[in-house]
Colleague: 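I have a structure here, written as structure tokens, and I will follow up with some questions on it.
Just the heavy atoms: all of them, side chains too, but no hydrogens, waters or symmetry mates, feed the values below.
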Amino acid sequence: RSSCRLLPALPGMAPTSDAKSASGHLYWSRAPTKPEGSVPPRRLDAVAATGDAAAIPDPAPAAAAPWCPLFKWGQRGATVYLTIFVPCLKGDDDVQLDIAAGTLTFTARRVAELAGGVRAERSYRLHLQLFDEVDPARCAHHLRHDHVRVELAKRRARPWRFLQAAGVSKHPNERPDFDHCDDDSGSSDDAAPARPVSRGTPAARPRAQPVLGRMGWLLEPAEALLLGAVALYALACPYTKVEESFNLQATHDLLFHRADLQAYDHHAFPGVVPRTFAGALCLAAAAAPVVLPLHALGLPKWYAQLAVRLVLGLASACATLAVRRAARARFGRATADAHLLLCLCQFHPLFYASRTLPNTFGTLVAAVATEAWLRHSHRRALAALTVGIVVFRADLLLLLGPYAVLVAATRRLPLPTVVATGLTAAAAALLATAPVDSVLWRRPLWPEAQVLLANTVGNMSAGYGSAPWHWYFSSALPRALTLAYPLALLAPAVAPHPAAEFALLPLAAVSLYSLLPHKELRFVLYAVPPLNVAAAAALAALRARLPAAPRTGPRRALAVAGRLGLAAAVAASLALVGASLAAARLNYPGAHALMQLHRTVRPDRRTRVHIGVDAAMSGVSRFLELPAPWRYSKAENLPAADLQSFSHLLVGSNVAPVAGFELLHEEQGFARASLRPPFLLTEPKIHVLSRKAERVDRRRAPPEAEPRRGAGGDFFL
């Protein structure tokens, strides 16, 4: 333990320095916690031969690696007493104490004046994730010459078993403070938890808990709303668009074709740029326990698509809930509740949570990194973002760059550690995925590198349209975040200081992304997890500033207006979510047209369906195909003569009539919104055509020649 003691004056010693500096006679020493990694005191200067203390220069900056001080803790009632030992403290300027609802960060710098007039400086840092929430407004600290006493006011007056949160190992410098213990009944089981206990001995361990409860996997009732919202969006809109086709078709092939690589869809339809199979492999492995029994029961593959969507949505929702719990540990219960409310008021993040887009996998990685960022696990956050860049989306680099600069600039991690973490994670991700992708694509390949070159050097994405530089800030983020967008912008001003970085860094990443001409909302979904954290902290801070509602007076008007304004904003956001979901249901006319064809037509050996480009881009996937005698083709640019070999065609409504075919069904799709009923306007999107001769033959065919009802894939979905 650091100590501070007086040295007796030696005979003949000049008392000049003692007279000018009250601490000139102090001596200090420190036994390092980890001798192999400790930093020795830094020599600044010595007193001149004349003994003039004014010749001593100002201290140099502290050593790069701060020391962790010894500390002890105890509790009495609703107060936790924490004593942090740092010798030779001179004033409040030497100590910085940041207390949040679930964390405590202590930093100190002090200068020791050693024997012989030598001065040395050392810095200290201690970060704790507290066992339960505290009220920062009621906490206090007292500075002494060799320690800092912190009094933490509990939000809930219940005893703490440990100082730090569940899952955090006991700090090696932690000691019990038996001067602050509740000992009203030493033998009582109720009073026993009030005494700080050591995690190092088996006798001090708490009673065994269920694994799910100990690991924090049990859902709170409010958290189930988020899972329900994701499942609702997947059930309401079970079909997919062309942007999701690669991962969805790859998952289908892995589940149903397995080792038959020749039958994989990407060989016939490779897409504009190659994509990795890593996400599809994870989805197929996670959904297989559900899909394989469904397939064995003979159910249509459409149910397998729904299972795959729900598995991905569950993973995305769990990542969002992990961010919420980390925000609760960092900023408190009010911020966690605000985070859940804001997430439920957003349509696009939860809607995309179950879509098999590469951006969805990238957003999931960003959520994992945000959770680690909140818990000060910077190595894990850096590794997660690096893996996401190498495997799923290279544009995550725009978020990793500012974050790595922040971590290195604030000395949360040394710069060599930041670089080493990134290189190690990148190498591991590349070695794990590149061989698999090379085998499945039949050539040596790193998919995301090719995508990055195509979109940056080749500027291929500009061919799909461009938008002004401010489009992300003026259109995409307001639609994606809704109520959270203005709150995130206010976070640096009104939220606790640590919350500002969760707003500034993703906004900087979006600013960099705005330099590319082609813009889509899904490209900035990676910024949503940290921005939601900042917005939640701002909302909790604003709500805390609302005055209590007295019976009369202007304060009552302000309190009522603030609460009514928040309720109105939430109601408007939820109404927008409902309208967006209703419009999204109309966005998959190709899938609806194919399902209508399955319900209408009884197949035979001559049934062949050609799926046009418009239908394939608006919902049709291999999961919707029924078994024999149904046969399908997605061949493109076929001449009119080749179309005569099909019994049915799914074409766009703008396609010219095809000789020998007549209209069987016209599928409507979303056109635009209106301020007057029916509010959501539709227009013809897909035409289902049937051969004229085949329809005549079916009407004249004897009943015994028709297939039995329900045979050969006659499923009514």
Side-chain angles (χ1 to χ4, degrees), residues 37 65 68 100 102-105 125-130 164-172 214-217 278-279 282 315-331 336 339 360-433 498-499 501-502 505-506 509 525-534:
C68 181
T103 60
L104 180 146
T105 303
R125 187 177 188 276
L126 174 65
H127 177 77
L128 300 175
Q129 298 185 32
L130 301 178
Q164 297 205 69
V168 180
S169 59
K170 179 179 180 293
H171 198 285
R214 186 172 65 250
M215 298 300 293
W217 294 350
C282 295
S316 300
C318 289
T320 302
L321 292 179
V323 173
R324 175 185 181 268
R325 295 187 177 190
R328 180 176 61 189
R330 182 77 177 270
F331 299 111
H339 181 272
T360 301
F361 293 101
T363 305
L364 200 156
V365 170
V368 172
T370 303
E371 185 268 343
W373 182 3
L374 284 165
R375 297 188 183 277
H376 301 279
S377 300
H378 301 296
R379 285 196 180 106
R380 184 157 58 90
L382 291 169
L385 289 174
T386 304
V387 170
I389 291 169
V390 172
V391 178
F392 297 115
R393 291 291 299 188
D395 43 12
L396 279 169
L397 180 64
L398 300 177
L399 184 59
L400 174 65
Y403 177 67
V405 171
L406 172 70
V407 170
T410 56
R411 295 185 179 182
R412 302 177 190 182
L413 287 178
L415 181 59
T417 303
V418 173
V419 175
T421 301
L423 293 178
T424 303
L430 191 59
L431 290 175
T433 59
E501 62 190 40
F502 293 93
L505 263 65
L525 287 177
Y526 325 125
V528 170
L531 286 176
N532 274 343
V533 171

Colleague: Pair Val528, Leu531 - check side-chain contact (heavy atoms from CB on, under 4.5 Å), show working.
Modeller: CA-CA 5 Å; Val528 170; Leu531 286 176; 5.8 Å; no
Colleague: Would you say the side chains of Ser377 and Arg375 form a donor-acceptor pair under 3.5 Å?
Modeller: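 The answer is no; no qualifying pair exists.
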Colleague: Looking at Ala369 and Ala381, what are the two nearest heavy atoms and their distance?
Modeller: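 Reported closest heavy-atom pair: O-CB, 3.5 Å.
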Colleague: When you check the gap from the basic side-chain N to the acidic O, do Glu371 and Arg324 get nearer than 4.0 Å?
Modeller: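 Answer for the salt bridge query: no.
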Colleague: Just wondering, are more than 12 heavy atoms of other shown residues or ligands nearer than 6.0 Å to CZ in Arg412?
Modeller: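 Count over threshold, so yes.
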Colleague: Side-chain contact, heavy-atom cut-off 4.5 Å: Leu130 with Thr103?
Modeller: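 Counting from C-beta outward, Leu130 and Thr103 never come under 4.5 Å.
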Colleague: Ignoring hydrogens, what is the shortest heavy-atom contact between Ala384 and Val365? Give both atom names and the distance.
Modeller: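 Smallest heavy-atom distance, with atoms named: O-CG1, 3.0 Å.
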Colleague: Looking only at atom types and distance, does a side-chain atom of Thr433 sit under 3.5 Å from a main-chain N or O of Ala429, one as donor and one as acceptor?
Modeller: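 Between the backbone of Ala429 and the side chain of Thr433 there is a qualifying donor-acceptor contact (under 3.5 Å).
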Colleague: Might you work through the side-chain contact (heavy atoms from CB on, under 4.5 Å) test for Leu385 and Val368, ending with a clear yes or no?
Modeller: CA-CA 9 Å; Leu385 289 174; Val368 172; over 6 Å; no
Colleague: Any side-chain heavy atom of Leu382 sitting closer than 4.5 Å to one from Leu413?
Modeller: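 Counting from C-beta outward, Leu382 and Leu413 do come under 4.5 Å.
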Colleague: Rounded to the nearest 0.5 Å, what separates atom OG1 in Thr386 from atom CG in Leu430?
Modeller: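 The OG1 atom of Thr386 sits 12.5 Å away from the CG atom of Leu430.
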Colleague: Please answer whether the main-chain N or O of Gln129 pairs with a side-chain N or O of Gln164 as donor and acceptor at a distance below 3.5 Å.
Modeller: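 Answer holds: yes.
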Colleague: Checking the side chain of Thr320 only, and the main-chain atoms of Ser316 only, is there a donor and an acceptor separated by less than 3.5 Å?
Modeller: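 Here the side-chain-to-backbone pair exists.
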Colleague: Would you mind reporting whether Val533 and Phe331 have side-chain heavy atoms less than 4.5 Å apart?
Modeller: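 In short, these two side chains touch, coming nearer than 4.5 Å.
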Colleague: Start with the C-alpha distance between Thr360 and Phe392, add both sets of side-chain angles, then the distance that settles side-chain contact (heavy atoms from CB on, under 4.5 Å), and finish with yes or no.
Modeller: CA-CA 9 Å; Thr360 301; Phe392 297 115; over 6 Å; no
Colleague: For the backbone of Leu374 and the side chain of Arg330, can you confirm whether one donor and one acceptor N or O come within less than 3.5 Å of each other?
Modeller: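 The answer is yes, because a donor-acceptor pair under 3.5 Å joins these two groups.
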Colleague: Give the minimum heavy-atom separation between Pro506 and Phe502, together with the two atoms involved.
Modeller: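 Reported closest heavy-atom pair: CG-O, 3.0 Å.
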Colleague: Do Asn532 and Val323 come close enough that some side-chain heavy atom pair is under 4.5 Å?
Modeller: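 Asn532 vs Val323: side chains apart.
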Colleague: Quick one: do Arg393 and Tyr526 satisfy side-chain contact (heavy atoms from CB on, under 4.5 Å)? Show the steps, please.
Modeller: CA-CA 10 Å; Arg393 291 291 299 188; Tyr526 325 125; 3.0 Å; yes
Colleague: Is any side-chain heavy atom of Arg125 closer than 4.5 Å to one of Arg411?
Modeller: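 No, every pair of side-chain atoms sits at 4.5 Å or beyond.
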Colleague: Please check this pair: side chain of Arg328 against backbone of Ala336, looking for a donor-acceptor N/O pair closer than 3.5 Å.
Modeller: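 Not a single qualifying donor-acceptor pair exists.
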Colleague: Tell me whether the rings of His378 and Tyr403 are parallel (<30°), tilted (30 to 60°) or perpendicular (>60°).
Modeller: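 His378 vs Tyr403 ring planes: tilted.
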Colleague: Taking all non-hydrogen atoms of both residues, which atom of Leu364 and which atom of Ala315 are closest, and how far apart?
Modeller: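 Scanning both residues completely, I find the closest heavy atoms to be CD1-CB, 3.8 Å.
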Colleague: If you take all heavy atoms of Ala383 and Thr421, which pair is closest and at what distance?
Modeller: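 Answer, listing the atom of Ala383 first, then Thr421: N-CG2, 4.1 Å.
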Colleague: So which heavy atom on Leu415 is nearest to which on Ala408, and how close?
Modeller: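 For Leu415 versus Ala408, the nearest heavy atoms are CD1-CB, 4.0 Å.
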Colleague: Answer whether the closest heavy-atom distance between the side chains of Glu501 and Leu406 falls below 4.5 Å.
Modeller: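 Heavy-atom side-chain distance check passes, below 4.5 Å.
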